[in-house]
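Here's the structure, in structure tokens; my notes come after.
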Amino acid sequence: MATINLTINGKKQTVDVDPKTPVLWVLREHLRLVGTKYGCGIAQCGACTIHVNGTAVRSCSLPVSAAQNKEITTIEGLSENGEHPVQKAWLEHDVAQCGYCQTGQIMSAAALLKSNPNPTDAQIETAMSGNICRCGTYLRIREAIKEAAGQK
Amino acid sequence: MEKINTSQSRRSFLKSSVLASGGLMISFSGLAKYTLDDTVSETLPAEQWNELTGYIKITSDNLIQILNPNPEFGQNVMTSLPMIVAEELDVDWKKVIVEMGPHDNTKLGPQFTGGSNSVRMYWKPLREAGAAARQMLRDAAAQTWSVPVEEVTTKAGMLYHEKSGKSGKYGDFASKAAANPIPKGIKLKDVKSFNVVGNSSKNVEGLKIVTGKPLFALDHFYEGMLIAMIEHPPAFGKKLKSFDAAEALKMPGIKDVFALKLYPDGFEQAGFDTRTFNDLLVVVGNTTWEVMNARKKLKATWEPIGETKETIGGFRGKTEVVIPAGLESTSTQLEKMAEYAKKPAQELRKDGDPETAFANAAQILERTYTAPFLAHNCMEPMNFIAHVTDEKALLVGPHQAPGWIEPTLAKILNLSADKIEIQMTRMGGGFGLRAYGHYLVEAALISRKVKAPVKLVYSREDDMTYGIYRPMYTATYRAALDTNKNLIAFHVKGGGIPEHPVHANRFPAGAVDNYLAEGWTIPSNITIGAFRAPRSNFNAAAEQSFLDELAELMGKDPIDLRLELLKRAKENPVGKNNDYDAGRYAGVLTLLKEKSGWNNPENKKYNRGVAAYFCHASYAAHVVDIVTKNGQPYVERVFSAVDCGVVINPDAAINMVQGAVVDGIGNAFYGGLVHKEGVSEQNNFNRYRMIRNREAPQKIDVYFVESEIDPTGLGEPPFPPVFGAVANALYKNTGKRFYNQPFINDLNDKSDKS
């Protein structure tokens, strides 16, 4: 156990956990920020995607000790109430089916648009291929990203 | 148990809101966000709901709440079912508050999600519920105004009496209406006058989904709740022999480690009580990560299970099932299937004299198809929350049919059904897997043992290696042609582990004079279960590929061949039990032919494949257009035609079809489990390949047949024919026929076997 200082969604937080604990579980079970999902535990499905210093990271494979002194953003911090352009575009295109993967998809999409505000189709597909959607909503995900990028 | 959800306990939020806002202002965290209209957010406390029917509540302040009765697993019933009620109730959909109903089969009907049944099953009851409530409101207004009820009209949640100029909100009459009995002989609206049904509405839970609200059971927390995980045997055909928990118990946060027997010896299972492993090793602790770590310190030994017998009840009566011993491997299973395919099988249907027709044939086409076990791989791994005491049980979580497992829970826990409360959470996918209830029983028994609320969590590996897979299937199709290349006989002989896939009375049965369908099975200790369009998801791959090859042999266009056969089945059907409507079947193909530009020369640049199928009372057909991208075949676009009767929520229905197409492409190309000595070689997404964004088509155009027929299935029907259409397009792209799923194996195999 160790005392870990984190900055999550702009707020300083202290947790007392095993430093090897993945950020995913710290978020979900210690801080009750449950919008970040568990899907595979090995950084293969993207359901747990968060931003660390603005970059999309799979939180299931990031030890909490490595997240100290970095800016962590979760879906709860992306906007107050769904006002982020990516979230709005997701609603506009009614992307979700079961919805479980969508917060991870949104976090990947938001990180993409932050680093590349006007991505090509190929760049969107590449950036989003780390996030599995079992329901198969990939086409709407792409459309929503283009909408958020102002391409539609 | 006291629920301490992060932000979502609706009732506690309601109370705290009253306090926070100091009066009537309630912001309804859970409720208002379901509506699209902000004006709904001011209202009276929930105690003032007047229940008009089991599904509808109205306050005197004109808040209108409609309960969704059925479990939501992504098919969007949270939106589509309340839309049906709203249509007949005649309310402004934007002002309706939708809420998940309690699990109460008496009040809210069958409450199961599966078999593409949600809308089909609730279509009439929900229309009647809405129409009855509207009638009750009109009666109440007529009584109040002292006017004939025939003169009272409604529009968008308002009541009017034109002659007197009187009008009022539904809410004004709700308490009076609620006191009246539910009327009989209610008149339903004409389909042509619908204005909610048939108009696209956004998912009522959309905002909660995109903001990451705690919709799923894994997101719920309760006071004193512990996390449990199960170490199941590492191979099918094995069971727990002994274990040493000393090291695991020393790990931080660990509360208990114990062996758990799920069903007692001789337990008579119900139809959906399937469980793969009965002797389990359970680790209980404070957090998921701690329990995961402690599991690595377990020292367990496993031993082979001998042959076992199970008694299973269910829809088709009681049966004895023998589960064989042994550690099975895919390679030997394939050999065994090839061997069984040559043996005599059970005759399922025979028309005419197929033996003679084949004996006299000028030409015979014979092809054999295979498909592997598939894992459902719901994005939300299996989990359930249970709090069981000697007096009662509360279970909260994702399940497709809680009413099916409740009797088993009652028996195992020795509690009467009324002492068991099941709360239905949104499911992160289901695909059939969550129709089976073993994990509810597991969670309940663990909670009772540790005397605390427990959240049972399956890791991805636990989930993928547990079983209850789509079965392994094979089928050999034969067609006999005369010297003029007329189809004179058709034969399908299908088998599987441990069930066969053949639907003997489906197309092309009914279209060929001499027809034979046979089936055979091989038992296994690898468990199987429903997987999006069970059996159909294989048949449509095999049969529709075969028809493509047959059309080529007959020198016919593949759509035209199907249309000719369907014409025969419609005008002069062979046999009596054909379970499809040849006219509707032909209808989707005709629509698809037009919409896909099937005969348009501009589309020649694509390698096009077509397939159609009927299941769950609906008809679906696809044209898949493949191009070569980076040296590999890529499905660039798809055209889909579907006849599912009345479409409730068109944009959501399109989403469902698009998803089924992507799912079908993914499973056709990549899906499959391979076993060696009872162990699955795939246990997570690094080895189980799922379709990803860049592999999905650029566009999927979906067309529905305009129809006033009562809705038929939608979640499953578009899925099966994708496999056949992909196989047929791949043939055009590569020159090779694809007989064995997943197709990626033969695509990567550069040796020319054809």
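The chains referred to below are lettered A, B, ... by the order of the sequence lines, with proteins before strands, and numbering in each begins at 1. All values derive from a computational prediction rather than experimental measurement.
To the nearest 0.5 Å, the span separating CZ on B/Arg687 from CD on A/Gln44 amounts to 10.5 Å. The OG1 atom of A/Thr21 sits 7.5 Å away from atom CG of B/Asn293, with the distance rounded to the nearest 0.5 Å. Here the CG-CG distance, from B/Leu207 to A/Asn81, works out to 5.0 Å after rounding to the nearest 0.5 Å. We find the SG-CG distance between A/Cys45 and B/Asn686 to be 11.5 Å, quoted to the nearest 0.5 Å. Note that SG of A/Cys40 and CG of B/Asn377 are 11.0 Å apart. Values are rounded to the nearest 0.5 Å. Rounded to the nearest 0.5 angstrom, B/Arg692 CZ and A/Glu125 CD are separated by 14.0 Å.
Using a 4.5 Å cut-off between heavy atoms, B/Met690 touches chain A through its side chain atoms alone. Looking at B/Ser459, the atoms closer than 4.5 Å to chain A (heavy atoms on both sides) sit in the backbone and in the side chain alike. Looking at B/Ile227, only its side chain comes within 4.5 Å of chain A, counting heavy atoms on both sides. Using a 4.5 Å cut-off between heavy atoms, A/Val26 does not touch chain B at all. Residue B/Tyr458 touches chain A through its backbone alone, counting heavy-atom pairs closer than 4.5 Å. At a 4.5 Å heavy-atom cutoff, the contact between B/Val662 and chain A is made by side-chain atoms alone. Heavy atoms of A/Ile132 lying under 4.5 Å from chain B belong to its backbone as well as its side chain. Using a 4.5 Å cut-off between heavy atoms, B/Met656 contacts chain A through both its backbone and its side chain. With a 4.5 angstrom heavy-atom cutoff, B/Ser201 touches chain A only via backbone atoms.
Interface remark: of the candidates A/Gly35, A/Gly99, A/Ser129, A/Ser129 forms the most heavy-atom pairs closer than 4.5 Å to chain B. The greatest number of non-hydrogen atom pairs below 4.5 Å with chain B, out of A/Arg142, A/Gln87, A/Glu76, A/Arg28, is found for A/Arg142. Looking only at heavy-atom pairs under 4.5 Å with chain A, the residue among B/Gly666, B/Gly659, B/Pro252, B/Cys378 that has the most is B/Gly659. If you tally non-hydrogen atom pairs under 4.5 Å between each of B/Gln658, B/Gln698, B/Met427 and chain A, the highest count goes to B/Gln698. Between chain B and the options A/Glu92, A/Met1, A/His30, A/Gln105, the largest number of non-hydrogen pairs under 4.5 Å is found for A/Glu92. Chain A forms more heavy-atom pairs under 4.5 Å with one residue of B/Ala696, B/Gly206, B/Ala660 than with any other, namely B/Ala696.
A donor-acceptor pair is defined here as one N or O able to donate and one able to accept, closer than 3.5 Å; such a pair exists between the side chain of A/Arg134 and the backbone of B/His376. Put simply, the side chain of A/Tyr38 gets close to the backbone of B/Arg460: a donor and an acceptor are under 3.5 Å apart. At distances below 3.5 Å, not a single donor-acceptor pair connects side-chain atoms of B/Asn684 with backbone N or O atoms of A/Ile42.
Here the closest heavy-atom approach between residue A/Gln102 and residue B/Ile209 is recorded as CB-CG2, 4.0 Å. Closest approach of B/Asp651 and A/Asp94 over heavy atoms only: OD2-CB, 4.0 Å. The shortest non-hydrogen separation linking B/Pro381 to A/Gly39 is CG-O, 4.2 Å. The two atoms that bring B/Lys699 and A/Leu139 nearest to each other are CA-CD2, 3.6 Å, heavy atoms only. When all heavy atoms of B/Met379 and A/Cys101 are compared, the pair lying nearest together is CG-CB, 4.4 Å. Between B/Trp289 and A/Lys20, the shortest heavy-atom distance links the atoms CZ2-O, 3.9 Å.
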Next on the checklist: Please evaluate residues B/Phe73 and A/Cys98 with respect to the criterion side chain to side chain contact (heavy atoms under 4.5 Å, CB included), reporting the C-alpha separation (whole Å), side-chain torsions for both, the decisive distance (0.1 Å), and the verdict.
Outcome noted: CA-CA 5 Å; B/Phe73 73 166; A/Cys98 87; 5.8 Å; no

Item to check | Working for side chain to side chain contact (heavy atoms under 4.5 Å, CB included), residues B/Asn76 and A/Gln97 | outcome: CA-CA 7 Å; B/Asn76 209 14; A/Gln97 286 188 30; over 6 Å; no

Next on the checklist: Is there a side chain to side chain contact (heavy atoms under 4.5 Å, CB included) between A/Cys135 and B/Phe431? Walk through the geometry before answering.
Outcome noted: CA-CA 9 Å; A/Cys135 301; B/Phe431 304 97; 4.3 Å; yes

Next on the checklist: Please evaluate residues B/Glu695 and A/Tyr138 with respect to the criterion side chain to side chain contact (heavy atoms under 4.5 Å, CB included), reporting the C-alpha separation (whole Å), side-chain torsions for both, the decisive distance (0.1 Å), and the verdict.
Outcome noted: CA-CA 9 Å; B/Glu695 291 143 354; A/Tyr138 296 131; over 6 Å; no

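Around NZ of A/Lys146, the count of heavy atoms belonging to other residues, nucleotides or ligands within 6.0 Å exceeds 12. For A/Lys114, the NZ atom sits in a loose shell: 12 or fewer heavy atoms of surrounding residues, nucleotides or ligands are nearer than 6.0 Å. Annotation for A/Glu83: atom CD counts as buried by contact number, over 12 foreign heavy atoms lying within 6.0 Å.
B/Asp219 has no carboxylate O lying under 4.0 Å from a charged side-chain N of A/Arg32, or vice versa, which leaves the two without a salt bridge. The existence of a salt bridge linking A/Asp121 and B/Arg694 is excluded, since no basic side-chain nitrogen approaches an acidic carboxylate oxygen closer than 4.0 Å.
Counting heavy atoms from C-beta outward, A/Ile75 and B/Thr211 have side chains that stay 4.5 Å or more apart. Under the 4.5 Å side-chain criterion, counting only non-hydrogen atoms from C-beta, A/Ile141 is in contact with B/Asn693.
Counting only N and O atoms by type, the side chains of A/Glu29 and B/Thr288 include a donor and acceptor under 3.5 Å apart.
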